[in-house]
> 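The following block contains the structure, expressed as structure tokens.
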Amino acid sequence: MKRTWGVRIWRWSIIAVVGAYLLVPLYAMFDFSTKPFGFQDKGRTFRAWQIIPSQQDLMISIARSLITAGIVMSLILFLIVPTAIWVHLKLPLLRRPFELLCLLPLAIPAIVIVVGIAPLYRWISIHLTESPITLSGVYSMLILPYTYRSLSAALDAVDIHTLAEAARTLGANTSRVIFGIIMPTIKTGIVNGSFIAIALVMGEFTISNILNYKTFQVVIAQIGRTNGNVAVAVSLASILFVLVLLLAIPTKKRRSAVLDVDLV
Amino acid sequence: MSSSTYVQLVDLAKHFGKVRALDGLSLDIAQGELVALLGPSGCGKTTALRALAGLQELDRGQLIVDGKDVTFQNANKRGMGMVFQAYSLFPHMTARENVEYGLKLKAHKTAGDKRKARSAELLELVGLSTHANHFPHQLSGGQQQRVALARALAISPKVLLLDEPLSALDAKVRTQLREEIRRIQIELGTTTLFVTHDQEEALSIADRVGVMRNGQLEQIAAPSELYDRPKTSFVAEFVGLTNPISGKVSGGSIEILGSVVKTLPGSVTSGTGIALIRPESIDVVASKSGNAKVAAASFLGASCRLNITMNDGAKVTAQLPSSDAAGIGAGATVSVSLLDMPVFVKAAG
């Protein structure tokens with residue numbers, strides 16, 4: 001009995017410490033964002049939260065970042081996922097090199113990537129467009145390590161070779177095999193990878209700031225220079241948005257027990 | 001090519017590096033026939049099946065189905081129904097959706113109503129009409145393979161290909177399902193190629209059984225012929241149990257265990273040879289003046305297996321009906337002779 005209590009106390013202590021580590025800064029942000037703007041004022045105010053919608057730059061940057069995230073997701077769905085499936089199905093020898101290639105953005109600091117990619121974006125902004133949406137290209141590269149790991153784990157968990165062969169013998173062509181059979185089978189992996197990608201796109205600052213694009217995070221930083229309370233309110237909102245997104249990642253449900261196992 | 005030949009595998013060859021998976025394999029299958037390919041691991045039986053399905057490219061050879069050369073046709077256009085060794089149901093579809101899948105595709109496009117009727121009919125045929133809306137993870141292994149069979153049959157395949165579909169199942173389910181496969185195959189008259197390493201499975205349901213070795217067909221014959229009249233020592237030893245007993249061969253006969261029996265074609269014709277005797281070909285009678293002693297007796301239900309040591313030290317295994325073995329136990333002195341059945345004799349050494 002004593003031991004059980006000891007374990008319980010130990011468990012709850014850990015949860016409390018970790019919870020405090022995560023929640024205290026969030027509370028501090030909330031506290032700061034609801035403080036009156038002037039030092040003399042006392043009490044609480046939601047003015048910082050209320051004026052968020054009136055910040056036109058901010059609203060435009062949110063829309064841009066969401067569009068960019070959407071484009072990145074499309075690239076994941078129509079380029080990265082089919083490529084990963086193709087490599088797993090048809091080019092097993094390329095699996096290791098492909099994996100290494102996908103993990104590279106993790107090993108290279110963002111600042112190095114941006115220095116390397118800056119001339120290309122300079123050319124794009126001069127000759128094509130200045131829209132921050134073009135950042136979806138470099139973001140698709142940055143999200144590769146997370147998306148690929150998630151996809152690879154999902155692809156390894158099922159016998160996609162047999163599924164693909166079964167579909168082919170039934171009359172399915174390659175695109176039907178990939179989009180109709182394999183992709184729905186690894187849906188959880190795709191959703192996980194996509195959500196992580198959205199979180200990364202919404203939170204990215206270094207590259208967009210150095211390349212001088214006004215994305216969500218860059219605009220927050222700019223607001224922060226003039227009005228700290230609003231900047232913190234927006235940051236908190238964005239953290240909560242991403243948190244909700246991550247919590248929405250479907251956890252693997254316990255599969256129901258096999259029914260009627262006595263039947264052949 | 002005989003007039004009833006429906007599927008022809010002509011001189012198939014496939015190498016994987018230095019391994020010859022298929023080395024000049026030729027096989028004819030008649031319409032509505034169930035042919036089983038039997039052989040040890042790596043003999044090329046699965047490669048042959050996959051080649052016919054279009055899932056394996058060949059180095060050489062020709063595949064003819066219903067008079068058409070399909071050697072270079074894509075798997076999705078061949079119209080072969082296949083059941084795999086591994087569970088292969090699409091996990092995001094119910095049993096009914098799995099069965100209907102092939103009928104939704106261009107190659108076998110069927111209208112919605114007909115599709116539903118066909119899937120219902122096939123699920124009933126495999127005894128799973130009450131499980132139509134179950135997902136694969138809600139079905140047992142045997143049920144999944146039944147749905148896979150229904151799915152393969154839904155497209156009215158030219159040839160049904162079964163790649164060890166029962167090997168992942170437990171013994172009881174395996175026996176039950178193999179009988180059902182045979183029943184359904186006869187009912188629908190589907191030409192079928194069945195690959196297995198389980199000889200009991202092959203012998204029990206196939207019209208003809210082909211024994212493969214090193215990418216070639218050693219012998220193809222009806223199960224009883226394959227068992228009773230093997231053409232090579234490999235077939236004799238691979239299919240069923242044999243007792244290797246040496247004796248003198250002359251004039252198409254061999255003298256062993258005090259009896260003279262005829263030799264099968266392909267046997268050694270003279271000198272000393274080793275006869276491969278089936279346990280059922282050995283007659284055992286309790287006799288105090290017998291020429292052997294029973295070392296051990298195992299009761300197998302309808303039959304009884306006796307491990308016997310001959311007076312000269314040779315060891316043989318005999319199998320006789322339990323009724324005939326009554327009273328013969330370990331330590332009994334027995335008289336051993338051979339039934340008058342031709343035997344295969346291989347070269348000594």
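The sequence lines fix the lettering, A, B, ..., with proteins before strands; numbering per chain opens at 1. What's counted below: heavy atoms across the whole structure, side chains too, no hydrogens, waters or symmetry copies.
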> Just so I know, are the side chains of A:Trp86 and A:Leu91 near enough to count as touching, which here means a heavy-atom distance under 4.5 Å?
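The answer is yes, as the side chains (C-beta and beyond) meet within the 4.5 Å cut-off.
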
> By a 4.5 Å heavy-atom criterion (distance strictly below it), what part of B:Arg50 contacts chain A: side chain, backbone, both, or neither?
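Interface part for B:Arg50: side chain.
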
> Considering only heavy atoms, which portion of B:Leu169 lies under 4.5 Å from any heavy atom of chain A: side chain, backbone, both, or neither?
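Neither; nothing under 4.5 Å.
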
> Is a side-chain donor-acceptor pair under 3.5 Å present for B:Thr196 with B:Asp198?
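No, B:Thr196 and B:Asp198 have no side-chain donor paired with an acceptor closer than 3.5 Å.
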
> Heavy-atom distance under 4.5 Å to chain B: side chain of A:Asn173, backbone, both or neither?
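Answer is both: backbone and side chain atoms of A:Asn173 are under 4.5 Å from chain B.
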
> How about B:Arg182 and B:Gln185: does a side-chain donor come under 3.5 Å of a side-chain acceptor?
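Yes, a side-chain donor-acceptor pair sits under 3.5 Å.
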
> Find the one option among A:Thr162, A:Ile181, A:Val177 whose heavy-atom pairs under 4.5 Å with chain B are most numerous.
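The answer is A:Ile181.
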
> Should the heavy atoms of other residues, nucleotides or ligands under 6.0 Å from NZ of B:Lys116 be counted, would the total exceed 12?
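No.
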
